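This report concerns only the one structure given below.
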Amino acid sequence: MKKLVIASGNPGKLREIERLLEPLGLEVLPQSVFNMPEAEEPHPTFLENCLAKARHAAEHSGLPALADDSGICVDALNGAPGVFSARFAGEQRSDSANNEKLLEALAHAERRSAHYYCVIVLVRYPQDPEPLIAEGRWDGEILREPRGRGGFGYDPLFLVPELGRTGAELALEEKNRISHRGKALAQLVEKLKARMRGDASGG
Ligand code: IMP
């Protein structure tokens with residue numbers, strides 16, 4: 001079985017990725033087993049930060065590495081909080097403070113459209129000139145007050161119009177099927193399969 005390091009310490013993400021990649025003959029290791037320093041994420045785009053994290057993990061593990069990066073982009077705020085989603089209200093990275101700040105920023109906004117975005121990058125080695133890149137997007141609207149107890153981050157404010165429910169009102173499996181991360185992971189698996197077949201569409 002080929003080994004792959006995942007540039008994340010989040011147990012939920014690790015389990016999800018493990019479940020999807022195991023059938024492809026890939027064994028997934030968290031980056032914590034390599035005792036590596038935290039990667040810098042200084043860039044203005046999700047893709048650049050994601051690549052930086054994947055390269056960093058490949059460099060410190062000597063293995064192929066997969067990283068993901070995600071956030072929420074609000075149209076009335078020109079795409080903010082974007083790459084700053086986790087620390088929108090400061091370095092304490094508090095979900096409730098971030099949600100409050102978002103509500104304040106949109107207090108007078110009629111236009112409430114927003115989307116979550118997720119990118120996943122796989123590099124075979126740090127200088128890999130052809131990283132495998134998968135993306136997913138999930139469209140919704142920002143409510144004026146939170147609803148629901150599930151999910152995390154901005155989910156209580158994120159209304160999925162087709163369902164009439166927020167991200168925090170969806171069961172985890174349901175969210176994983178339709179979310180930005182779910183879509184990006186599904187695309188990753190397809191691209192990986194194609195690459196393993198030697199097919200050019202594998203990127
Ligand atoms: P990360 O890519 O896991 O570091 O996520 C960055 C930040 O974006 C999180 O801390 C959340 O604030 C936000 N975010 C990303 N995905 C989701 C989601 O599925 N629900 C709610 N918030 C999310």
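Atoms within a ligand are numbered from 1 in the order they appear, just like the ligands themselves. We count residues from 1, following the sequence as given. Keep in mind it's a predicted model, so treat the numbers as computed, not measured.
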### Message
Is it the case that atom CZ in Arg144 sees more than 12 heavy atoms from other parts of the structure closer than 6.0 Å?
### Response
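Count over threshold, so yes.
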### Query
Judging by distance only, is a nitrogen or oxygen of Lys13 under 3.5 angstrom from one on ligand 1?
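Indeed, backbone or side chain, Lys13 has an N or O that close.
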### Message
Applying a heavy-atom cut-off of 4.0 Å, say which part of Tyr116 lies close to ligand 1: side chain, backbone, both or neither.
### Response
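Side chain only; the backbone of Tyr116 stays clear of ligand 1.
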### Task
Could you see which bit of Arg93 sits under 4.0 Å from ligand 1, with heavy atoms only: side chain, backbone, both or neither?
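None of Arg93 does.
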Working to the nearest 0.5 angstrom, can you tell me the gap between [X] [atom1] and [Y] [atom2]?
X      : Y      : atom1 : atom2 : result
Leu63  : Gln31  : CG    : CD    : 12.0 Å
Leu188 : Ile133 : CG    : CD1   : 11.0 Å
Leu77  : Leu106 : CG    : CG    : 4.5 Å

Under a 4.0 angstrom heavy-atom cut-off, which atoms of ligand 1 come close to [X]?
X      : result
Lys175 : 18 (C), 19 (O), 20 (N)
Asp69  : 2 (O)
Asp155 : 18 (C), 20 (N), 21 (C)
Gly153 : 21 (C), 22 (N)

### Message
Assess whether a salt bridge exists between Glu27 and Lys2, defined as any Lys/Arg side-chain N lying under 4.0 Å from an Asp/Glu carboxylate O.
### Response
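No, no charged N to carboxylate O under 4.0 Å.
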#### Entry: Check ion pair Arg165-Glu174 (N to O, under 4.0 angstrom)
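A salt bridge links Arg165 with Glu174.
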### Query
Is there a heavy atom in Gly71 that sits closer than 4.0 Å to ligand 1?
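Yes, that is the case, since the closest heavy atom of the residue is under 4.0 Å from the ligand.
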### Task
May I ask which of Ser70, Ser85, Ala168, Ala86 has a heavy atom nearer to atom 15 (C) of ligand 1 than the others do?
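Result: the heavy atom closest to atom 15 (C) of ligand 1 is in Ser70.
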### Winner among Phe152, Trp138, Tyr154 once heavy atoms are compared against atom 17 (C) of ligand 1
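Considering heavy atoms of Phe152, Trp138, Tyr154, the nearest to atom 17 (C) of ligand 1 sits in Phe152.
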### Query
How are the rings of Tyr116 and His180 set to each other: parallel, tilted or perpendicular (split at 30° and 60°)?
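The arrangement is parallel - the two ring planes meet at less than 30°.
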### Message
I'd like to know if atom 4 (O) of ligand 1 has any protein heavy atom within a distance of less than 4.0 Å.
### Response
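Not a single protein heavy atom is under 4.0 Å away.
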#### Entry: Non-hydrogen side-chain atoms of Ile6 and Lys13 separated by less than 4.5 Å
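No, every pair of side-chain atoms sits at 4.5 Å or beyond.
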